[in-house]
Amino acid sequence: MTVVRDQLSHLQSLEAESIDIIREVAASFQRPVMMYSIGKDSSVMLHLARKAFHPGPIPFPMLHVDTTWKFREMIAFRDRTAKELGLDLIVHSNPDGVAQGMSPFVHGSRVYTDVMKTQALKQALSAGRFDCAIGGARRDEEKSRAKERIFSFRDRNHRWDPKTQRPELWNLWNTRIGPGESVRSFPLSNWTELDVWTYIHLEKIDVVPLYLAAKRPVVERDGVLIMVDDDRIPLEAGETPEMKSVRFRTLGCYPLSGAVESEAATLAEVITEMLVARSSERQGRVIDHDGDGSMEDKKKEGYF
Amino acid sequence: MDPRFDANTETIDEYLLRHERKQLLRFLTCGSVDDGKSTLIGRLLHDTKAIYEDQLAAVEGASKKYGTQAGQADLALLVDGLRSEREQGITIDVAYRYFSTEHRKFIVADTPGHEQYTRNMATGASTCDLAVLLVDARHGVSVQTRRHCVITSLLGIPKIIVAINKMDIVDWDQSVYDRIKADFEAFSEKLPSREQVFVPMSALHGDYVAEGSEKAPWYDGPCLLELLETMDIGSNEQDTPFRLPVNHVIRPDLDFRGFGGRIESGIVRPGDRVTVLPAGTESTVSRISTFDGDLEIAGAPRSVAIVLDDEIDASRGDMIVALKDQPTVADRVTADLVWMHEDPLQPGREFILRHGTRVTPCRVRRIAHRLDIDTLETVPCDGLGLNEIGRVELETDVPLVFDPYERVRGTGSLILIDRIGNWTMAAGMIRGKSSDLRWTAAPLSGADRHGDEGLVTLEEREKRFGQKPATILLTGLAGSGKTRIALMLERALFDLGRVAIRFDGTTMRQGLNRDLGFSAEDRSENLRRAMETAKLVNDEGIICVAAFVAPRSTTREKAADLVGPDRFLVVHCNAPLEHCRSLDPTGLYADAEARSLEGIPGISFDYETPENPDLSLPSHQIDPEESVNRILALMNERGFLR
Ligand SMILES: Nc1nc2c(ncn2[C@@H]2O[C@H](COP(=O)(O)OP(=O)(O)OP(=O)(O)O)[C@@H](O)[C@H]2O)c(=O)[nH]1
Ligand SMILES: [Mg+2]
């Protein structure tokens, strides 16, 4: 007797797990929302959400927390994607921060991140009365993320308490919460950076072109290449933007996202470069260098 | 980053394809506190080049502040990522890390050794195929080593590597290794068998971790990484029957209704006959719908949307299963629990139970026993404390559709959630339907000793009574004449000078079984206790006449096994239902109709006709005297009467 099997590849198993998690959120929460940060992980997550509910539409809105300092290409990509896929897109910026003219250049990355990201996120989640927010974080990204549950409980103040996480066994998610409490759900928990890029490559998922190398105007600050995306960046005396062939391994606010010099103009080339890279994707993120444990602290305060 | 990629010899697509096809192994490190689990993972990540330079630099920096290695890089800090972990130098919660080698991909869960955080260890272990259990060469096998070993065994992790670590501190002394190995074997022998291998090691210095070493010339086995790369992880979840718990019903318009879910077991193809449980509705799979097009075959653990031929109502919590090999449906199940909360479990407590995609209120009816971690004996208990392991009977509001955990993990596991605080209180492995398991449960330790030998032997009694003891089970529908025949049989035996006692459902329920009702489970338990009594009576040389409906053939088989098949006679009073109903000697059928009673054999559920009874009596055609004569003749023939 020949044994008939449906052999799943590694990415197919990861995909199956993620789809199951996304469906679980839709089925067990009243008001779920999916975080849409426009980056590569969000693009994969969005793709998985479309798969999870096919042939139906995605049954929850997308939330973009706009710090007002995103790369212009990201915003254009966001609006185009939302239109093409008919997404229910919510965009929120912290009005207080906007009124105060918050800028990472002026206020420093720590205060800026707190006001324009953490506080803005909490405002948007509270305003929407969302009881579950799906995020694209992966455990391989950072050491405190490696510790987080797939369904991660948040108290009334959106805080994470890493010392009292609920046990999480098998795929028997505990999605139960009290009034005002919420859950952050991470369907990409078990994906690695290489998995994400390979999946984008194989599934032909559209990503922001900033991930691919092109000549772009950059200045070097503290060893980090910052792209001059608009004229809000205060150039120091004698500082002139240089055109360099660069790309980004992670995308966020342009003043906080370091570029890497690269000639990789296709996904295949990007992956090739990644395989020989000797530093992590997080290295280009300015906010992660605020100290050992800074990510954990931000997450305790409600940051994604 | 992958040092195994060489752009000169293969294209990126070739590389990715190769990488995609690697087998995935999920494993965990466990063992007592400070045995070196995190150091080992740090070492593995480091030696397999899964660490980026900036990450290593960060660890070197942090080592100056927190490290235990006098300023040297403390590789445990690669995994101990929480502030309190770094400050205290211990692991609190499980960390998941990812790496790959030439042959396999790995997801590793580094779990805490501290007893207080056992629940986090269980969290990490629940999804693993293999456990690496560390033992500190200086301390040997400790309570916590045993606890972790038992948990990995209960969770059904099929392979275990016992790494005897810190061999550097004991100068690679072979006798230390041998002694710990022997200790461990003596303990694990009492657990269900599984593949178990030992390796000596220094996680700190990397000996026998990713490469062999000269340190232990007396050890000629492979290093840990080689074991991880080569140990067979054969069990395939597609070999068991098809099970799909419905997660989310996809219904975008009237033309499409897809039952979205993840296949927990087996494979499915269009055209397959399936049943939706617990309702029991049968149908045929018409499509396996996915975003990438319909599939011709789908197997676990794929997420799909199943479209059925008929307009069938199924919702989240229900399960679609193979028609020809169905799981058990029951609202009373027996499960082994790992209790994970400070407040102890008390019998009678109510919880929210999650099993598959089903969420239902449930109650702990009984705690059967607790497992003693040191001796692996089952001991009686009133409750289960934090991190204790015990067997319980659960009663659920909605029946569960399950397979025993050892058969299908995905449909045999459950969690209990606190109704108010919503905390996850326990992890459970379903062993079976409670009523079934009670028949075979072993006595608790302390209760398992044999009683003293009596001063009167069975032979002496047999001689005096002129009989060999037997149990005559009179089975048949209510009203089939069982009781009448039993009464007359008892009289006839007495008149012949023999010693017999008689009981039936009604007499049992007056005392011994007055806590039981008429559900299928309670009927089964009623018969079990009666049969235990019959066995005691038979052991004393006395004949037992037992009149019970005993509608299930499986239950009758269990009864025979319990009493002893060679002294158990099944006598079927085969009067048909219409006859019994028209006669209705006790008014039961009339009552049932008038008050729509549940639990009437032959009406609310089937009476399964015995296939090979020792005697079949047409009790509606012959009178009771004739029935008794036939039974006596049978007893004579079989040598029970002399
Ligand atoms: N000499 C020696 N020391 C070791 C070895 N492995 C670990 N250690 C040391 O043992 C101590 C505890 O190591 P960890 O890796 O944190 O232990 P753990 O098992 O992860 O501890 P918990 O997670 O808190 O249970 C550290 O100081 C390590 O450097 C070894 O092979 N030899
Ligand atoms: Mg540790």
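So that the names make sense, note that chain A is the first sequence line, chain B the second, and so on, each numbered from 1.
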Under 4.5 Å from any heavy atom of chain A, what part of [X] do you find: side chain, backbone, both or neither?
{"X": "B:Phe256", "answer": "side chain"}
{"X": "B:Ile417", "answer": "side chain"}
{"X": "B:Asp110", "answer": "neither"}
{"X": "B:Val304", "answer": "backbone"}
{"X": "B:Ile352", "answer": "side chain"}
{"X": "B:Leu82", "answer": "both"}

Exercise. Salt bridge check: are A:Lys163 and B:Glu87 linked by an N-O gap of less than 4.0 Å?
Worked result: no
Minimum side-chain heavy-atom gap [X]-[Y] below 4.5 Å:
{"X": "B:Arg262", "Y": "A:Glu17", "result": "yes"}
{"X": "B:Arg316", "Y": "A:Glu24", "result": "yes"}
{"X": "A:Pro55", "Y": "B:Ile250", "result": "yes"}
{"X": "A:Arg5", "Y": "B:Asp239", "result": "yes"}
{"X": "B:Arg21", "Y": "A:Ser9", "result": "no"}

Chain B contacts, top residue of [options] (heavy-atom pairs, under 4.5 Å):
{"options": "A:Leu169, A:Asn171, A:Ile177, A:Thr192", "answer": "A:Leu169"}
{"options": "A:Ala16, A:Ala26, A:Ala268", "answer": "A:Ala16"}
{"options": "A:Pro59, A:Gly56, A:Gly178, A:Pro167", "answer": "A:Pro167"}

For this session: Might you work through the side-chain contact (heavy atoms from CB on, under 4.5 Å) test for A:Leu11 and B:Glu20, ending with a clear yes or no?
Result: CA-CA 7 Å; A:Leu11 281 177; B:Glu20 262 298 278; 3.2 Å; yes
Under 4.5 Å from any heavy atom of chain B - which part of [X]:
{"X": "A:Ser189", "answer": "backbone"}
{"X": "A:Asn190", "answer": "both"}
{"X": "A:Glu273", "answer": "neither"}
{"X": "A:Leu194", "answer": "side chain"}
{"X": "A:Arg149", "answer": "side chain"}
{"X": "A:Gln165", "answer": "both"}
{"X": "A:Glu193", "answer": "side chain"}

For this session: Evaluate the side chain to side chain donor-acceptor pair (under 3.5 Å) criterion for residues B:Asn422 and A:Asn174: first the C-alpha distance (whole Å), next the side-chain angles of each, then the deciding distance (0.1 Å), finally the verdict.
Result: CA-CA 8 Å; B:Asn422 296 321; A:Asn174 177 354; over 6 Å; no
For this session: Test ring-ring contact (aromatic ring centres under 6.0 Å, His included) on B:Tyr405 and A:Trp170 and set out the steps.
Result: CA-CA 12 Å; B:Tyr405 182 80; A:Trp170 301 287; 5.8 Å; yes
Exercise. Which is it for A:His54 and B:Asp292 under the side chain to side chain donor-acceptor pair (under 3.5 Å) test, yes or no, and what are the steps along the way?
Worked result: CA-CA 9 Å; A:His54 173 82; B:Asp292 302 298; over 6 Å; no
Exercise. Does NZ or CZ of A:Arg176 come closer than 6.0 Å to the centre of the six-membered ring of B:Phe351, within 45° of the ring's axis?
Worked result: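 No, A:Arg176 does not sit over the ring of B:Phe351.
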